[in-house]
Amino acid sequence: MRTLKVIPLILIGLVGLSAQAQTKKSVAKTKTATTAAGDITASAKRGQVVYASNCLVCHMADGGGVPGMNAPLVKTSYVLGSKQSLINVLLKGMQGVEIDGEEYRNVMPPFTQLTNQQIADVLTYVRNNFGNKAPAITVKDVAAVRK
């Protein structure tokens, strides 16, 4: 008779442990997502400072650029596309390029003087402002392209 009373208690205990494990997994996923969002926000905030001192003069405060001269940063294939291509633009510069059917003639110099962190931050800022929504660029991404 005692054995029958113990089995339900064991089952209740196992169900409780399973629910607790699922809750921990859910909390861990939420923390990871929150941390990632916080990382993007912090990176973009630092990137805004880099943008103001290096990019704003040509690409303007609203990221609109100057028609025919300086490319816009608003929802263009360069900004929203390949991370590697975008990183290369900062590391190698560009001149006389067509972006989304529009030609831009001004010379964009390479910004090799910026650290990997600064490049990651400014590109994360650009990719998440001016109406853009794209994954962050990390220091690892930049280091892989710079090597």
Checklist entry - Is the side chain of Asn128 donor-acceptor paired with the backbone N or O of Thr124 at a distance under 3.5 Å, no angle test? => result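 Yes; judged by distance alone, with no hydrogens or angles, the pair exists.
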Checklist entry - Does any N or O in the side chain of Asn88 come within less than 3.5 Å of the main-chain N or O of Ser85, such that one atom is a donor and the other an acceptor? => result no
Next on the checklist: If we count only N and O atoms by modelled type, under 3.5 Å, do the side chains of Ser77 and Asp100 hold a donor and an acceptor together?
Outcome noted: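 Side-chain D/A pair, Ser77 to Asp100: present.
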Next on the checklist: One pair to check against side chain to side chain contact (heavy atoms under 4.5 Å, CB included): Ile87 and Leu91. What are the steps and the verdict?
Outcome noted: CA-CA 6 Å; Ile87 294 165; Leu91 292 175; 3.7 Å; yes
Item to check | Contacts of Thr112 that satisfy side chain to side chain donor-acceptor pair (under 3.5 Å) - sequence neighbours left out | outcome: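 Expected list: none.
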Of all the heavy-atom pairs spanning [X] and [Y], show the shortest one and how long it is.
X	Y	result
Val79	Leu86	O-CD2, 3.8 Å
Leu80	Ala134	CD2-CB, 3.9 Å
Pro72	Tyr104	CD-OH, 3.1 Å
Pro135	Arg127	O-NE, 2.8 Å

If you look only at distance, which donor and acceptor atoms sit under 3.5 Å apart when one is on a side chain in residues 46-61 and the other is two or more places apart or in another chain?
unit_1: Arg46; atom_1: NE; unit_2: Asp121; atom_2: OD2; d: 2.7
unit_1: Arg46; atom_1: NH2; unit_2: Asp121; atom_2: OD1; d: 3.0
unit_1: Tyr51; atom_1: OH; unit_2: Met60; atom_2: O; d: 2.6
unit_1: Ser53; atom_1: OG; unit_2: Val49; atom_2: O; d: 3.2
unit_1: Ser53; atom_1: OG; unit_2: Val50; atom_2: O; d: 3.3
unit_1: Asn54; atom_1: ND2; unit_2: Val50; atom_2: O; d: 3.1
unit_1: His59; atom_1: ND1; unit_2: Ala71; atom_2: O; d: 2.7

How many angstroms lie between [atom1] in [X] and [atom2] in [Y], if you round to the nearest 0.5 Å?
X	Y	atom1	atom2	result
Met69	Arg105	CE	CZ	7.5 Å
Tyr125	Thr41	OH	OG1	13.0 Å
Asn129	Asn132	CG	CG	8.0 Å
Ile40	Thr138	CD1	OG1	11.0 Å
Leu123	Leu90	CG	CG	5.0 Å
Ile99	Thr76	CD1	OG1	6.0 Å

Item to check | Trace of the side chain to side chain contact (heavy atoms under 4.5 Å, CB included) decision for Tyr78 with Val97 | outcome: CA-CA 11 Å; Tyr78 263 84; Val97 67; 3.6 Å; yes
Next on the checklist: Let me check something: do Met94 and Val122 share a hydrophobic cluster, defined by ILVMFWY side-chain heavy atoms less than 4.5 Å apart, either directly or through other members?
Outcome noted: yes
